[in-house]
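Take a look at the structure set out below.
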Amino acid sequence: QVQLVESGGGLVQAGVSLRLSCAASGRTFSSIIMGWFRQAPGKEREFVAAIGRFVGNTRYADSVKGRFTVSRDNAKNTVYLQMNSLKPEDTAVYYCAADAGAIIRVGQTAYEYWGQGTQVTVSS
């Protein structure tokens, strides 16, 4: 079992940066793949980014590549999503999720555990 708690969301203007955090507990954090997903109003939840167990093992959605960076601190059992150059279309509830599998996957069904989500609103 893994418990996930996101934080760091808020209301910001377009162009600024925001960093989301996700604290994990309940299982050896370093052994699980961590992902970020988001769901905008009226839309399906979509993959944003994920980070594997090894340094440099990351994957991003095309819509955030070059602007968002996912990282993890295994000593703190925390994964981060640094979001730069935010756009109004980034407005969504952001969720972190955990996958005990061996490789990074982008489908949300691969992730067994989910946080409650944190709202990010980007005004123009």
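Nothing here was measured: the structure is a model prediction, and the numbers come from that model.
To the nearest 0.5 Å, the span separating CE on Met34 from CG on Asn77 amounts to 9.5 Å. Taken from CZ in Arg59 to CD1 in Ile103, the straight-line distance is 8.5 Å, to the nearest 0.5 Å. The distance from atom OH of Tyr60 to atom CG of Leu81, rounded to the nearest 0.5 Å, is 8.0 Å. Note: Asp73 CG to Ser30 OG = 11.5 Å, rounded to the nearest 0.5 Å. The distance from atom NZ of Lys43 to atom OG1 of Thr91, rounded to the nearest 0.5 Å, is 10.0 Å.
Between Arg72 and Thr78, every side-chain heavy-atom pair lies at or beyond the 4.5 Å cut-off. Residues Leu86 and Phe68 form a side-chain contact, since some pair of their non-hydrogen atoms from C-beta on lies under 4.5 Å apart. Ile33 is not listed as a side-chain neighbour of Arg105, based on a closest heavy-atom distance of 4.5 Å or more.
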Determine all donor-acceptor pairs shorter than 3.5 Å in which one atom belongs to a side chain in residues 46-57; sequence neighbours excluded.
| from | atom 1 | to | atom 2 | distance (Å) |
| --- | --- | --- | --- | --- |
| Glu46 | OE2 | Arg38 | NE | 2.7 |
| Glu46 | OE2 | Arg38 | NH2 | 3.2 |
| Arg53 | NE | Ser31 | O | 3.0 |
| Arg53 | NH2 | Gly101 | O | 2.8 |

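Following chains of ILVMFWY side-chain contacts shorter than 4.5 Å, one cannot reach Leu11 starting from Val120, and the two form parts of different hydrophobic clusters. Note on Val70 and Leu4: same hydrophobic cluster, where clusters join Ile, Leu, Val, Met, Phe, Trp and Tyr whose side-chain heavy atoms are under 4.5 Å apart, directly or indirectly. Residues Val5 and Val93 fall into different hydrophobic clusters, defined by Ile, Leu, Val, Met, Phe, Trp and Tyr side chains chained together at heavy-atom separations under 4.5 Å.
Asp90 and Lys87 are not joined by a salt bridge, as no carboxylate oxygen comes within less than 4.0 angstrom of a charged side-chain nitrogen.
The stretch residues 77-107 participates, sequence neighbours left out, in no ring pair (Phe, Tyr, Trp, His ring centres under 6.0 Å) pair at all.
Considering all non-hydrogen atoms of both residues, Ala14 and Ser124 come closest at CB-CA, 4.4 Å. In this structure, Ala92 and Ala40 approach most closely via the heavy-atom pair CB-N, 3.8 Å.
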Set out, in order, the CA-CA distance, both residues' side-chain angles and the distance that settles side chain to side chain contact (heavy atoms under 4.5 Å, CB included) for Tyr111 and Phe37, then state yes or no. CA-CA 10 Å; Tyr111 292 78; Phe37 289 76; 3.6 Å; yes
I would like to know whether Arg67 and Met83 meet side chain to side chain contact (heavy atoms under 4.5 Å, CB included); could you show each step before the answer? CA-CA 6 Å; Arg67 298 188 299 124; Met83 305 185 293; over 6 Å; no
Run the numbers on Glu112 and Val2 for side chain to side chain contact (heavy atoms under 4.5 Å, CB included), then give the verdict. CA-CA 9 Å; Glu112 298 95 334; Val2 178; over 6 Å; no
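Without hydrogens or angle criteria, Glu6 side chain to Gln116 main chain gives a donor-acceptor distance under 3.5 Å. Judged by distance alone, with hydrogens and angles left aside, the side-chain atoms of Tyr113 form no donor-acceptor pair with the main-chain N or O of Ala100 at under 3.5 Å.
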